[in-house]
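Every chain is numbered from 1 and lettered A, B, ... according to where its sequence line falls, protein lines coming before strand lines.
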Amino acid sequence: MPELPEVQTTVSGLKSKVLNRTFVDVWTDTEKLFKNMSFGDFRKEIKNKKIKDIRRRGKNLIFELSEEYFLLVHLKMTGHFLYDECPPAGGQGQEDSMNRFIRARFFLDNDKVLALSDLRKFAKIELLKKEELDKELELLGPEPLEKDFTFEKFKKVLKKGKIKQILMNQNIFVGVGNIYADEILWQAEVHPEKNVLDLSEKELKKIYLATKDILLEALKFGGTSTSDYRNIEGGRGTFEKKLKAYQRQGQKCFRCGTIIKRKKIAQRGTHFCPTCQKL
DNA sequence: CAATCGTCCTGCGGGC
DNA sequence: TGCCCGCAGGACGATT
């Protein structure tokens, strides 16, 4: 599932390929992905709009277009963009079934195609004016990799509740989903069900540092592709080789050798070391 | 009022 | 072998 490192990797890839390109047309077989207007209207509106910039806010992709329009895309769980889909035979991603669920195609003025593959059809695509975009994003918390996201700021935005749930709450701070929440808490040696109010200063500091560290490290490796995420060339991120907790249930903890446990916490599959991460 | 549940969706894996 | 059930989960709305 695309979290901050995967969305940022996507943004970087897109910027290198489609900046300053103009949309010629768009196709879909899944009209419900287009949330704020009918697909017919979207198709009319997107034509001839130029991509002036591409950025990320939390897990959202934002294409800044000409005429003061914005294309907002949320990949949710299984969405990913593919540039110039159907790579040459034998090319990276060609044999990967995850790249075959093409739900939308954006035709560009260089005769290339930007496609959206999304197995579960949960992605969101919206064409918005500035005020509408701001309104949709207004509840999002701060960016954890920004310089001004200090330890003081981190402590200030936290609310009471199970720490795992808090880490994944986009209104507190953005970018962390199920994979990185488990990795952050493993590194910080904190039990995912521990209440924020019961965390010591030392534990808070470890979670804060682990958040920055894990997200940066995952970004460096192009994200995690355990199941569905692919980069815009259809290839995989390599951070999955670095995972210490996520989907390692039944295997030995790299720190203490205890068998990693899996438990449903806040409706999410959660992986942790019962020895290193005590409640 | 906060916590939990249901919804969207479909491929895949486990069990029989 | 083949079928069916249930699981995976980001975000949001509904419910308790």
Could you tell me how far apart Lys159(A) (NZ) and dA3(B) (P) are, to the nearest whole angstrom? 12 Å

Check the distance between dT4(B)'s P and Glu193(A)'s CD and give it to me in whole angstrom. 10 Å

Return no unless some side-chain N or O of Lys264(A) is found under 4.0 Å from OP1 or OP2 of dA8(C). yes

Provide, to the nearest angstrom, the distance between the NZ atom belonging to Lys35(A) and the C1' atom belonging to dT7(B). 11 Å

Within less than 4.0 Å of OP1 or OP2 of dA8(C), is there a side-chain N or O belonging to Tyr246(A)? no

For the residue pair Asn231(A) and Thr9(A), confirm or rule out a side-chain donor-acceptor distance under 3.5 Å. no

To the side chain of Phe122(A), which of dA11(C), dT10(B), dG9(C) is closest? dG9(C)

Counting only side-chain nitrogens and oxygens, does His74(A) get under 4.0 Å of the OP1 or OP2 atom of dG10(C)? no

Distance-only side-chain donor-acceptor flag, Tyr180(A) / Thr224(A), under 3.5 Å: yes

Is the phosphate of dA11(C) approached by Lys59(A) (side-chain N or O, under 4.0 Å from OP1 or OP2)? yes

Does Gln267(A) put a side-chain nitrogen or oxygen below 4.0 Å from OP1 or OP2 of dT4(B)? no

Suppose we call a contact any N or O donor and acceptor under 3.5 Å apart; does that hold for the side chain of Arg120(A) and the base of dG11(B)? no

Is there a donor-acceptor contact under 3.5 Å linking the side chains of His271(A) and Asp182(A)? yes

Please confirm whether the shortest side-chain N or O distance from Lys121(A) to OP1 or OP2 of dT10(B) is below 4.0 Å. yes

Closest-nucleotide 5' rank along DNA chain B - winner of Arg268(A) and Gln165(A): Gln165(A)

dA8(C) P sits how many Å from Lys263(A) NZ, rounded? 15 Å

Asn169(A) CG - dA3(B) P separation (whole Å): 11 Å

Can you tell me the distance, in whole Å, between the CG atom of Asn99(A) and the C1' atom of dG11(B)? 15 Å

Specify the separation, in whole Å, of atom CG of Asp228(A) and atom C1' of dC12(B). 13 Å

Option among Lys261(A), Lys263(A), Lys164(A) that satisfies the side chain to side chain donor-acceptor pair (under 3.5 Å) test with Thr270(A): Lys164(A)

For the residue pair Phe221(A) and Phe239(A), does the interplanar ring angle fall in the parallel (under 30°), tilted (30 to 60°) or perpendicular (over 60°) class? tilted

Ile102(A) CD1 - dT10(B) C1' separation (whole Å): 15 Å

Hey, does Gly161(A) reach any base, or is it just sugar-phosphate, or nothing, if we go heavy atoms under 4.0 Å? nothing

